[in-house]
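In what follows, chains are A, B, ... by sequence order, proteins preceding strands, each numbered from 1.
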2 protein chains.
Amino acid sequence: MTGVKPTMSDVARTAGVSAMTVSNVLTGRRHVSPATRSRVEQAAAALGYELNLTARHLRAGRTDTVALVVPHFDHPYFGELAARLAALLAAEDRHLVVEQTGASREAELAAVSQARWQLYDGVLLSVVGMSAADLDDLHTSVPLVLLGEQEMPARYDHVRMDNVAGARLATAHLLATGSRRIAVVGGADPDPASGMKPARTLGWTLAHADAGTDPAPELLVRAPADLTSGRDAVRRLVADGIEFDAVFAVTDTLATGVLAGLAEAGVRVPDDVQVIGFDNLASSEFTVPALSTVDPGHERMVTEALRLLDAVARGPAGGADGGTGAREHVISPARLVHRATARAR
Amino acid sequence: MTGVKPTMSDVARTAGVSAMTVSNVLTGRRHVSPATRSRVEQAAAALGYELNLTARHLRAGRTDTVALVVPHFDHPYFGELAARLAALLAAEDRHLVVEQTGASREAELAAVSQARWQLYDGVLLSVVGMSAADLDDLHTSVPLVLLGEQEMPARYDHVRMDNVAGARLATAHLLATGSRRIAVVGGADPDPASGMKPARTLGWTLAHADAGTDPAPELLVRAPADLTSGRDAVRRLVADGIEFDAVFAVTDTLATGVLAGLAEAGVRVPDDVQVIGFDNLASSEFTVPALSTVDPGHERMVTEALRLLDAVARGPAGGADGGTGAREHVISPARLVHRATARAR
DNA sequence: GGCGGCGAGTTTATCGATAAACTGGCGCCG
DNA sequence: CGGCGCCAGTTTATCGATAAACTCGCCGCC
């Protein structure tokens, strides 16, 4: 036990060959005679040799690794996204690693400026805290595809869901099944461009307009998108004596909190209050009652994201501003998933 | 737009200094006169220079990055674990990246043999598929701490929860509150050493022994630890006409599925059937009714894991077998969390 | 006046793997 | 018999950043 990590030259020396030959044996990139090959393999095994990928990457200029940069590790949406991406990448011998920014604008900017993702062949960045302007003075030569629900600079490829249409679909269903006072939990000032909440709130507004109504302003309930806030939103509505016969929660996470709040208040779902969420998380099938929700076309999103990433990587220079690479803005279509928290049409 | 990434020498040339000076400016490791400093900074900005971390890492032999290797990205337990670790590491300017193995023994072994984690200063490996024997012929010079619920080779540091005691606590509570036929969903042949399920099943058995009873064998319900399996387990129990007045689910995920199954069967919780889970996931507070569960001491586990990792990293040679490094086996104590799916004592 | 020391930079060597160019020997063909 | 090409392997140069050793000019002190 030497205590120091053996290098390729160490292996070469004990096998009585050159380092290059060791490399050839290990990568299989060139022919090596069986005799030499086995000598090398034995030497490598004897020394407990392990390839240094850092060195290979420096030389090769590639890492065969894609990073997914998300605001939070512990939000199920990102976990599911990561799992889907990893499956696709693994099929072509590439790797996925997941990093976390922390969701604040500052943290995201820091994550960027740290030049950390020079370590990867490509980066999928889930944006929530940064504005389009922030992204605009982002300079990185790494192929970058944005995921997220805000309007983004045209200079980057961008994949998102059809938030407005999905929310409209959900709200329209609630209206069609008899609800008249539909609270939007996690709502924001309606706007198709400035983020997930504004877009989904816009869908809620538009569905009302389609039906020739106008939602009451007190039914727009602002809330951060977490479980606690969903429950608290219901508590507040109840405490304030605001009548409602349905909830459109802008995420499934919020919807799950809402269901908890409704149960606590003794409200029957869907008889007294219908609920529809958005995201179609794996867990949403298992709430009590099972959550009706909007499926944002997960599979479509991940395949598109990787397609774009590869296009940029192959494209001209992959540079931050130059080039006429892909630069597509893809919108994945949404679809209503009927379960038990809303009545059938 | 040159199209090629500028290097430190490029910056040096346009600033009229040496590459070393550029390095000194950028790292701030040595004094550089203000005049030179600003020339370098301008040159770097003008060229859009970005540090190549791969090269730095090769030279430095460190990456300031710790990897968490988990079986599945999309299991909430690992997401929460990652978030906690990331928070601790960020406090000391280190990074966490998460990688996925895929949970099969083969995939975990492949992940290992790929020498990928030479890229990190340390690795936290969540083991589920590999046996102690597999780990035994694992040779890696990277500081490694194991997380997971099986018995592990003494040669590695290992952090786990107190599965047996936690399960015993949960089951004892169910017995104390009047339940007599307690199904264990996700059960396995009782054994403290061979994995999470056997250990937790053992706790269930021991609690019965403590109370002077013996659980009926048909109440041991085997199931993979996912939502669907939890619901299916209940469906099976009901279909088979097996009587039960409580469920101890070996994970909160299973418990959530169980609650869905009970709701579907029209069973009242906790009046007809009490339920307790294990893991205390963030979402468990928001099931309907709110899930009583066992908290495995999350914070304790992550601080211990990092402490051990740092100890190994500093320890003698960090070698795979040599050295008398830390090599501790830490067991984090479990604690019962009372909520609504079980009656108060 | 001479010399130690310091400040600001530069030069050189190195981390470990590998692409590209090179060497030497052998077989085969005309 | 001369030469071409190939095989198996070696040598050299390189990826980009940086530690360590070195240079050079200037100041202050004895």
Side-chain angles (χ1 to χ4, degrees), chain A residues 2 4-41 43-44 47-65 114-121 141-142, chain B residues 2 4-41 43-44 47-64 114-121 140-142:
Chain A
T2 60
V4 264
K5 247 186 294 194
T7 79
M8 220 166 221
S9 319
D10 296 331
V11 177
R13 197 169 319 114
T14 74
V17 296
S18 75
M20 198 59 227
T21 300
V22 176
S23 173
N24 288 331
V25 168
L26 266 45
T27 62
R29 211 181 296 284
R30 293 162 78 92
H31 240 278
V32 176
S33 77
T36 316
R37 162 180 303 277
S38 80
R39 289 222 318 289
V40 168
E41 279 164 354
L47 296 183
Y49 171 73
E50 294 170 74
L51 184 65
N52 181 325
L53 284 181
T54 300
R56 171 185 286 183
H57 292 163
L58 175 60
R59 185 69 242 251
R62 292 179 311 113
T63 62
D64 292 321
T65 300
Q114 246 159 338
R116 257 194 85 68
W117 51 53
Q118 294 284 343
L119 297 170
Y120 307 110
D121 288 349
S141 50
V142 178
Chain B
T2 59
V4 264
K5 246 184 297 190
T7 78
M8 219 166 223
S9 320
D10 296 330
V11 177
R13 198 170 320 115
T14 74
V17 297
S18 76
M20 197 58 227
T21 300
V22 177
S23 173
N24 288 332
V25 169
L26 266 45
T27 62
R29 209 182 297 283
R30 294 161 78 91
H31 240 277
V32 176
S33 77
T36 317
R37 161 179 303 277
S38 80
R39 290 223 318 289
V40 168
E41 278 163 353
L47 296 183
Y49 171 73
E50 294 170 73
L51 184 64
N52 182 326
L53 284 182
T54 300
R56 172 184 285 183
H57 293 163
L58 175 59
R59 184 70 243 248
R62 291 179 314 113
T63 62
D64 291 321
Q114 246 159 337
R116 256 194 85 67
W117 51 55
Q118 295 285 343
L119 296 170
Y120 307 111
D121 288 351
T140 179
S141 49
V142 178

Divergence of helical axes at both termini of the helix from C:dG1-D:dC30 to C:dG30-D:dC1 - five pairs an end, 10° steps: 60°
Report the residues that fulfil side chain to side chain donor-acceptor pair (under 3.5 Å) with [X], sequence neighbours left out, ordered by chain and then residue number.
| X | result |
| --- | --- |
| B:Thr27 | none |
| A:Ser18 | A:Thr21 |
| B:Arg62 | B:Asp64 |
| A:Asn24 | none |

Shortest side-chain distance from B:Thr21, nucleotide among D:dT18, C:dT10, D:dT10: C:dT10
Nucleotide nearest A:Thr27 (side chain, heavy atoms from C-beta), chosen from D:dT18, C:dT18, D:dG9: C:dT18
[X]: partners by side-chain contact (heavy atoms from CB on, under 4.5 Å), with sequence neighbours left out:
| X | answer |
| --- | --- |
| A:Gln118 | A:Ala115, A:Thr140, A:Ser141, A:Val142, B:Lys5, B:Glu50 |
| A:Asn52 | A:Thr54, A:Ala55, B:Leu58 |
| A:Thr65 | A:Thr63, A:His95, A:Val97, A:Tyr120, B:Arg116 |

[X] has an atom [atom1]; how far is it from atom [atom2] of [N], in whole Å?
| X | N | atom1 | atom2 | result |
| --- | --- | --- | --- | --- |
| B:His57 | D:dA17 | NE2 | C1' | 11 Å |
| B:Leu26 | D:dA19 | CG | P | 13 Å |
| A:Arg37 | D:dA8 | CZ | P | 11 Å |
| A:Asn24 | C:dA21 | CG | C1' | 14 Å |

Close N/O contacts between protein and nucleotides 13-16 of chain C (under 3.5 Å):
from   : atom 1 : to      : atom 2 : distance (Å)
C:dT14 : O2     : B:Arg59 : NH1    : 3.1
C:dG16 : N2     : A:Ala55 : O      : 3.4

Touch class at under 4.0 angstrom, heavy-atom based, for A:Ser18 against every strand present: base
Touch class at under 4.0 angstrom, heavy-atom based, for B:Val32 against every strand present: sugar-phosphate
Letter per nucleotide, 5' to 3', of nucleotides 20-27 of chain D [B base touched, S only sugar-phosphate touched, - untouched; heavy atoms, 4.0 Å]: B-------
Minimum heavy-atom distance between A:Ala15 and A:Val40, given as atom pair plus value: CB-CA, 4.0 Å
Do any side-chain atoms of residues 28-35 of chain B form donor-acceptor pairs under 3.5 angstrom with protein atoms, and if so which ones, sequence neighbours left out?
from    : atom 1 : to      : atom 2 : distance (Å)
B:Ser33 : OG     : B:Thr36 : N      : 3.4
B:Ser33 : OG     : B:Thr36 : OG1    : 2.7

Inter-residue atom distance B:Asp10.CG - B:Leu47.CG, 0.5 Å rounding: 6.5 Å
All salt bridge (Lys or Arg N to Asp or Glu O under 4.0 Å) counterparts of A:Asp121, not counting sequence neighbours: none
